[in-house]
Amino acid sequence: MVIGAGAVGAAVAFFASREGLRVAVVDRGPIAGGTSSAGEGNILVSDKEPGPELDLALLAQRVWREDLAEHAALWEFEAKGGLVVGATPPAVAALAGLTRRQRAHGVEVTDVTAGELPAHEPYLALELAGGAHYPQDAQVQPMLVVAHLLRLSRSSGATVTTGAEVTGFLRHGDTVTGVRTTRGDIGAAMVVNAAGPWAGAVSELAGAPVPVLPRRGVVLVTQPLPPLVRHKVYAAEYVGDVASSDAALQTSPVVESTPAGTVLIGSSRERVGFDRTIPPEVPATLARKAVALFPRLASALALRTYFGFRPYCPDHLPVIGPDPRAPGLWHACGHEGAGIGLSVATGKLLAQGMTGRDTELDLTPFAPDRFATAPPVP
Amino acid sequence: MRSSDVLTADVAVVGAGPAGLAAAGEAAAAGLDVVVVDAGARPGGQYWRHGPGAEGPAPGTHGRGTFSTLRAGLGRHGVRLVCGHQVWQAGRHDDGFVLRLRPVHDFPHDDAVERVSARRLIVCTGGYDRQLPVPGWDLPGVMAAGGAQALLKEYGTVPGQRVVVAGTGPFLVAVAAGLAEAGARVVAVCEANAPVRGWLRRPLAALGEPAKAVEAVRYAAALARHRVPYRTRTAVTRVHGDDSVRAVDLTALDHDGRPREATRTTVPADLVALGWGFTPSLDLLLTLGAATRLDGDGSLVVRVDDGQRTTVPGLYAAGETTGIAGATQAVREGLLSGLAVTADLGRAGRTGDGVDAGPSRSRRAARLRSGVRRGRRFAEALHAACPVPAGWTAWLAGDTVVCRCEEVPFAAVCHAVRELGAEDPRTVKMLARPGMGMCQGRVCGFATALITRHLTGHPSTAEALSAFGKRPLAAPVTLAELAASDDRTAPRTAPWS
Ligand SMILES: Cc1cc2nc3c(=O)[nH]c(=O)nc-3n(C[C@H](O)[C@H](O)[C@H](O)COP(=O)(O)OP(=O)(O)OC[C@H]3O[C@@H](n4cnc5c(N)ncnc54)[C@H](O)[C@@H]3O)c2cc1C
Ligand SMILES: Cc1cc2nc3c(=O)[nH]c(=O)nc-3n(C[C@H](O)[C@H](O)[C@H](O)COP(=O)(O)OP(=O)(O)OC[C@H]3O[C@@H](n4cnc5c(N)ncnc54)[C@H](O)[C@@H]3O)c2cc1C
């Protein structure tokens, strides 16, 4: 039983039903109605420092490219590669340090000199100091990922119920035995919390809190343009923003084009709770920085902005695995700005765990009870 | 930024149609400082369009006197009129609203205005044609009925010789009459419903809008004079042509509104005007968070109280934005919003140049409110008499384009619902792309919602339509303009730091 029909819930349903488990997905809204339809579809290794999240991202690379290879066209998987650029020699030097550490960890990356940049991206601004090319960075259309993973799950016997909100848990002692929803109770031996930025609230209902919080992001969409941007391009400062805990507005947009010809510019990062009013300076800043990278974008028309709430944890790692505080409850949440890319690795790991096998990756860094404060010393 | 780039006022009004002009005049008469913004080159909105080269609506235009009175009032009370500017973004701040403007390019400008800041905002942005796809509707020569009427009013020309007007509602009759008077041969007017004793025969005064009855009689007479055939329960079910319209199929509809194949006839034509009613422009209101409801015609409209206040403090709406109900109603609502804004800003009792004192104001407000209720009843009756025929999707083929910008065929929408699990128009848009292109669903949104309803069996809720219709940029704007709209100080270090 999976709570949440976003990318993460859909991936869990897909891998669990493929393992022969009987799966029921419930969502209070439509499918892909949460964060998974309010972001972009970058699958990045480039923005991650060596550590557990990079390990997860590298596993995700294998899942997208090998396990799911036959379905790649369904969700417009495009292995376009990423290009990270630095404006100043110090920024490029810092980037080179990162690429060295990443390379040692198994990331494919080549440093690019200023002179080589135009060969990668002919329309980039001229005054850049250098960069790095990441062939593994890729792109998908997230809503199609969700819809097709759920469709494939249904064909292996899963059910998907929309318009059903989880309002409580069924318990037997500490053990979770199902959920209470606005459309009736559903019994289940295992319940997966894949409620995205609302996973914190769901975990509270189960009495096993995980601190998942919203971090707002805004994306700007242009009119369809002739080919202008080949890779996912962003400034080196982005990596710092991703890892930052600063509540203030940060914008170092990734600029990329989609198969439809539109250019996506996103996104900002702000911790403002679930505030749905976007201050005008946010899209303005995104536009300014995108034009700084690609001067030709100045005359492109922006058609739309949209926004969503990334589900993040204070230590910027997702929560994946069984919850010892409530046996039967599993978590798959808190993927922040990488939940599309990481969804399939998460689904695969959870399905391995739920069928009692060793997981391909050690789940300890993602443990749900890692946030528990140490008991006070008497 | 030059100081003239930024205007500050007590009240900003967006839209200089019947509703906006009335609202601005009323608020200004009470001594409030008012700015009106409109994308058009001259005030008047959809209804009072200016004839070729002329100032003011062409002689004979209904309500021309009202226009002149309202227009004169604006001048007398010092309303600042900013024409030729589109509002592309609206935001709220602590003590009011900020509008961001861009000049409309085909209009010459000396003084471009970039921003308007005001304590109160009245949104009177009107509406636009609802369209339904039909095979061949993407050929040149197929137009929205409102679009055909607008061309006629503004340029006095008809872009065709043999015209078919089809869809539903009395507006078809108005358009057909206009086209016929301008010299086009109107081969047929096809009304999808069966208003047997409807607007052509029974005086609309019965519904409490005498002015409408007069209009209707005039149009009916024009159609009779030009021997225009008026067919009920009939629709255009296919448009033929290679590079442009050559002919259309006319098919009678059964009681469920499905085409009765056996009745199909093909008639030569080079212009088709299709009208399925209108839907309000809610971009600014939705972005500002105003609550909505579904109107009797299935359109999403904004909720207002009896002073035209939306659910957002300080934000008012009047005219088509609150429900499609015609120009007379728009004027009443505009006046009412002007009175409410005056009262809310504590100017109700002020007297001055031609300004009523408090008690007479409240009597006028009461009169207007009862007029608005009457207008609403009239509109509801009209909406009930002219629904979109339930079975209309039967005339779609798999390859009929639903969304022109993104070239999404009907089959792709069916796939999104049947195979991919979409249950509402927003999810359909996400999975099949109707509404993702240049027009952002303004053209195909209505059809997408109806097709989704047809395929799922569930009508869209107001909530689902709001999610689908949310457009934070009310008009496209270049990235350079967007970047320059940041009022905070210029970039500090590197442009991307
Ligand atoms: C602007 C922006 C850009 C982004 N760009 C990228 C990117 O390029 N690459 C990337 O990998 N990631 C990106 N992300 C992050 C990514 O979108 C998220 O990490 C991911 O969508 C999370 O998926 P999810 O399934 O966990 O959550 P969601 O998609 O939010 O799904 C959770 C679901 O749970 C449901 N739910 C919640 N509570 C209940 C309840 N009580 N009962 C029933 N159902 C409930 C919700 O309705 C929702 O459908 C971006 C995010 C944003 C905001
Ligand atoms: C072609 C046509 C013919 C009609 N004929 C008749 C008829 O014969 N009889 C009848 O009773 N009714 C008729 N109507 C309906 C009538 O025109 C409307 O009821 C009336 O105009 C509504 O007034 P309004 O002020 O709400 O909106 P409108 O008159 O539509 O005015 C809205 C104004 O807002 C402006 N605007 C919108 N968005 C923005 C923005 N973002 N920035 C700046 N400006 C903006 C537009 O330029 C427009 O001028 C017709 C409508 C149409 C479209």
Side-chain angles (χ1 to χ4, degrees), chain A residues 5 29-33 37 85 87-88 91 125 141-144 146-148 150-151 154 160 162-163 218 220-224 234-235 237-238 251-253 260 262 265 276-281 283-294 297-307, chain B residues 88-93 98-100 115 287-289 405-407 415-416 418-433 435-441 458 463-464 467 470-473 475-488 490-491 493-497:
Chain A
I31 64 163
S37 56
V85 296
T88 58
Q141 205 275 40
M143 291 76 81
L144 289 175
V146 176
H148 282 287
L150 290 174
R151 181 182 60 82
R154 284 198 305 268
V160 180
T162 51
V218 177
L220 193 62
V221 190
T222 70
Q223 69 186 122
Y234 61 88
E237 291 78 2
Y238 176 83
T251 41
S252 30
T262 53
I265 299 162
R276 306 189 72 85
T277 48
I278 305 298
E281 62 265 23
T285 312
L286 287 172
R288 176 166 55 80
K289 292 184 176 178
V291 171
L293 282 176
F294 288 94
L297 283 175
S299 59
L301 289 174
L303 291 190
R304 181 182 197 80
T305 61
Y306 63 88
F307 65 93
Chain B
W88 59 268
Q89 191 181 56
R92 219 167 2 140
H93 57 70
V98 188
L99 304 174
R100 276 157 219 277
R115 249 191 304 154
T287 303
L288 290 168
C405 305
E406 293 291 307
E407 294 173 9
H415 178 76
R418 297 202 178 116
E419 306 298 323
L420 299 182
E423 296 172 282
D424 62 288
R426 176 176 181 266
T427 312
V428 168
K429 175 174 88 176
M430 297 293 186
L431 296 175
R433 302 193 57 80
M436 288 267 209
M438 205 59 198
C439 87
Q440 290 289 298
H458 313 294
E463 199 185 8
K470 206 154 247 181
R471 299 180 192 104
L473 299 178
V477 54
T478 66
L479 293 199
E481 286 171 292
L482 194 51
S485 72
D486 193 345
D487 344 303
R488 298 165 316 162
T493 49
W496 39 73
S497 65

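A note on names: the letters A, B, ... follow the listed sequences, proteins ahead of strands, and every chain is numbered from 1. Since this is a predicted model, take the numbers as computed values, not measurements.
- Atoms CZ and CZ, from B:Arg418 and A:Arg151 in turn, are 15.5 Å apart once rounded to the nearest 0.5 Å.
- Between B:Gln89 and A:Pro283, the closest heavy-atom pair is NE2-CG, 4.2 Å.
- When all heavy atoms of A:Ala284 and B:Ser485 are compared, the pair lying nearest together is CB-OG, 3.8 Å.
- The parts of A:Ala302 that come within reach of chain B are both its backbone and its side chain, each placing non-hydrogen atoms under 4.5 angstrom from that chain.
- Contact annotation: the side chain of B:Arg100 approaches that of A:Pro280 to within less than 4.5 Å [non-hydrogen atoms, C-beta and beyond].
- Across B:Thr427 and A:Ile31, no two heavy atoms sit closer than the pair CG2-O, 3.9 Å.
- Between atom CE of residue B:Met438 and atom OG1 of residue A:Thr262 there is a gap of 12.0 Å, rounded to the nearest 0.5 Å.
- Closest heavy-atom contact between A:Pro224 and B:Glu406: CG-OE2, 4.4 Å.
- Distance check, rounded to the nearest 0.5 Å: CG of B:Leu479 to CG of A:Leu220 gives 6.0 Å.
- Closest heavy-atom contact between A:Ser299 and B:Thr478: O-CG2, 3.9 Å.
- Proximity to chain B (any heavy atom under 4.5 Å) is shown, for A:Ile278, by neither the backbone nor the side chain.
- Taking each heavy atom of B:Lys429 and A:Arg304 in turn, the nearest pair found is NZ-NH2, 3.1 Å.
- To the nearest 0.5 angstrom, A:Leu144 atom CG is 7.0 Å from B:Leu420 atom CG.
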